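What follows is a set of notes on a single structure, which appears directly below.
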There are 2 protein chains.
Amino acid sequence: MTQPRAERPHTGRRRNEAAHRAILDSALRLLSESDGTPVTIDAIARTAGVGKQTVYRWWPSKGAVLLDALVDQAGQVVPDPDTGSLREDLRAFITATFDGAQSTPSAPALRTLVREAAHDVHLAETMRTFIATRRATLRDLLTRGRDSGELPDDADLDLIVDQIYGVFWYRFLLGHAPLDHAAADRLTDSLLGDRNAGMPQPGRAPRYGQS
Amino acid sequence: MTQPRAERPHTGRRRNEAAHRAILDSALRLLSESDGTPVTIDAIARTAGVGKQTVYRWWPSKGAVLLDALVDQAGQVVPDPDTGSLREDLRAFITATFDGAQSTPSAPALRTLVREAAHDVHLAETMRTFIATRRATLRDLLTRGRDSGELPDDADLDLIVDQIYGVFWYRFLLGHAPLDHAAADRLTDSLLGDRNAGMPQPGRAPRYGQS
DNA sequence: TTGTATCGAGACTTGTAGTCTCGTCAAGGA
DNA sequence: TCCTTGACGAGACTACAAGTCTCGATACAA
């Protein structure tokens, strides 16, 4: 794992940042315009006015380009609301997740990306870590809620996380049902108990102690 | 849509049922043994001792072969318990769904199949209808529960269905958390209210009337 | 000016789905 | 029995996409 860069500074022509940007832009555009058919490297390079080798000089695989394009525009902003109320935090997180995937022009892009990930090991791995940060944030949010007594001590946080992301991906990929604010609200209430939304209730007071 | 078969009975050699079976068996075996790499038609035909054209004489695409192989061995048996208790019915349905996908040797096969479906329109469509029958059964089960008052009238049945299948597919495909009986139980309780599992409780009595 | 690394361009290799062709084989009809 | 018909195994072939390789041109620094 020697780094030759440390020995000799750099000679020769520098990498072209403009080409880098053009590739990302083309990738994102093609991804957005895709009707489900996979986006090809040839198409990306051609529309970016760039040689294929240039693409592979910056990224190791097609999947890496596509994911980078999407991340680049979506930003790495993970919502992490902290209003003091678990219910409000959760509602905000779910709403932001739903909105984030739908409002941007990247919805079809993200769908295409998932399809590509099914065959691209490199992309699948990168996506997993991308998703993991969001899962971790959500889990922290739930942990706060459990510590404050808004969730019972024996609540299965992983199951709650999976119910949220399960519903999200399931509806996002199949598109058979909406991912709107109403759905976010109902999902929140379903997970925290929908009969007493926001209202304190004796039978549900915080419990300290192992079940 | 004329049926020439009605005019002239049939002449020539008949289709070989043995070849048909051999293809399905080979497909299923390769699917089961697959480590994630896609199963090729060449491999199926070769291990079945059959020409590629014979495969395409029976099925329109690779995906059709794979799905048929899986359906053939899994059977079309959709669990539909009716014990009189929604909670028990739901628990049984979820447990059966979890078990069905995992206990058989078809778990890796099903995972591979989903990956293939990402690129095969024909397969994706067939799979959608396959899944739809299961969704419908689950929805009927929930409707029974709502009619009997075990679910409130304003319960979002579609959301419950999606929570169940969302968690199922999410965990099945990612494999980061178990799909065991404990998980099925917790999911059931989460959806019906986990604080009073099986016990009648005044504050949660069935409510008739729109919210 | 010269050495070096990147550039655009495109030929090339590899792998796979699906088609086409060929000689063979089985089944029914004449 | 022989002939027609259509399925059979085998494999060549086409189409297409990922990724590699090569080439002459170009930009930057010593």
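None of the values given here were measured: they were computed from a predicted structure. So you know, we letter chains A, B, ... as the sequences are listed, proteins then strands, and number each from 1.
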Compute the angle between the rotation axes at the two ends of the helix from C/dT1-D/dA30 to C/dA30-D/dT1, each taken over five pairs, rounded to 10 degrees.
10°
Which sits closer to the 5' end of DNA chain C, B/P38 or B/G12, going by the nucleotide each is nearest to?
B/P38
Distance-only criterion, 3.5 Å: show the donor-acceptor pairs between side-chain atoms of residues 51-60 of chain A and protein atoms not counting sequence neighbours.
residue: A/W59; atom: NE1; partner: A/D68; partner atom: OD2; Å: 2.7

Look at the aromatic rings of A/F168 and A/F98 and report parallel, tilted or perpendicular, splitting at 30° and 60°.
parallel
Nearest-Å distance, CG (A/N16) to C1' (D/dT26)?
11 Å
Touch check for B/R57, heavy atoms < 4.0 angstrom, all strands: base, sugar-phosphate only, or nothing?
base
State whether the side chain of B/R111 and the backbone N or O of B/F172 hold a donor-acceptor pair below 3.5 Å, judged by distance alone.
yes
Measure CD/B/E17 against P/C/dA26 and give the value in whole Å, please.
17 Å
Go through residues 41-56 of chain A and report each residue with a non-hydrogen atom lying under 4.0 Å from DNA chain C, sorted by number.
A/G49, A/V50, A/G51, A/K52, A/Q53, A/T54
Quick check against the 3.5 Å criterion: does B/D162 have a side-chain atom that pairs as donor or acceptor with the backbone of A/V167?
no
In whole angstroms, the gap separating P of C/dC7 from CZ of A/R14 amounts to 12 Å
Apply ring pair (Phe, Tyr, Trp, His ring centres under 6.0 Å) to B/H176 and list each qualifying residue two or more places apart in sequence or on a separate chain.
B/Y170
Whole-Å distance separating the NE2 atom of A/H20 from the C1' atom of C/dG8:
17 Å
Side chain of A/S34, backbone of A/L30: donor and acceptor closer than 3.5 Å?
no
Heavy atom of residues 59-67 of chain B under 4.0 Å from DNA chain C: which residues?
B/S61, B/K62
Tell me: CZ of B/R13 to P of D/dA7, nearest whole Å?
10 Å
Only distances under 3.5 Å count here; give the side-chain donor-acceptor pairs of residues 21-29 of chain A to other protein atoms, sequence neighbours excluded, each with its distance to 0.1 Å.
residue: A/R21; atom: NH2; partner: A/D25; partner atom: OD1; Å: 3.0
residue: A/R21; atom: NH2; partner: A/D72; partner atom: OD2; Å: 3.2
residue: A/S26; atom: OG; partner: A/A22; partner atom: O; Å: 3.0
residue: A/S26; atom: OG; partner: A/T47; partner atom: OG1; Å: 3.3
residue: A/S26; atom: OG; partner: A/A48; partner atom: N; Å: 3.4

Verify, without hydrogens or angle tests, whether A/R146 (side chain) and A/P152 (backbone) share a donor-acceptor contact under 3.5 angstrom.
no
Show, in sequence, the C-alpha distance, side-chain angles and deciding distance for A/D80 and A/T137, and conclude whether the side-chain hydrogen bond (donor to acceptor under 3.5 Å, both in side chains) test is met.
CA-CA 7 Å; A/D80 190 10; A/T137 304; 5.6 Å; no
D/dA17 P sits how many Å from A/D120 CG, rounded?
16 Å
Ignoring hydrogens and angles, tell me if any N or O in the side chain of A/S190 forms a donor-acceptor pair with the backbone of A/R186 under 3.5 Å.
no
Check B/E116 with B/K62, please: is the shortest side-chain N to carboxylate O separation under 4.0 Å?
yes
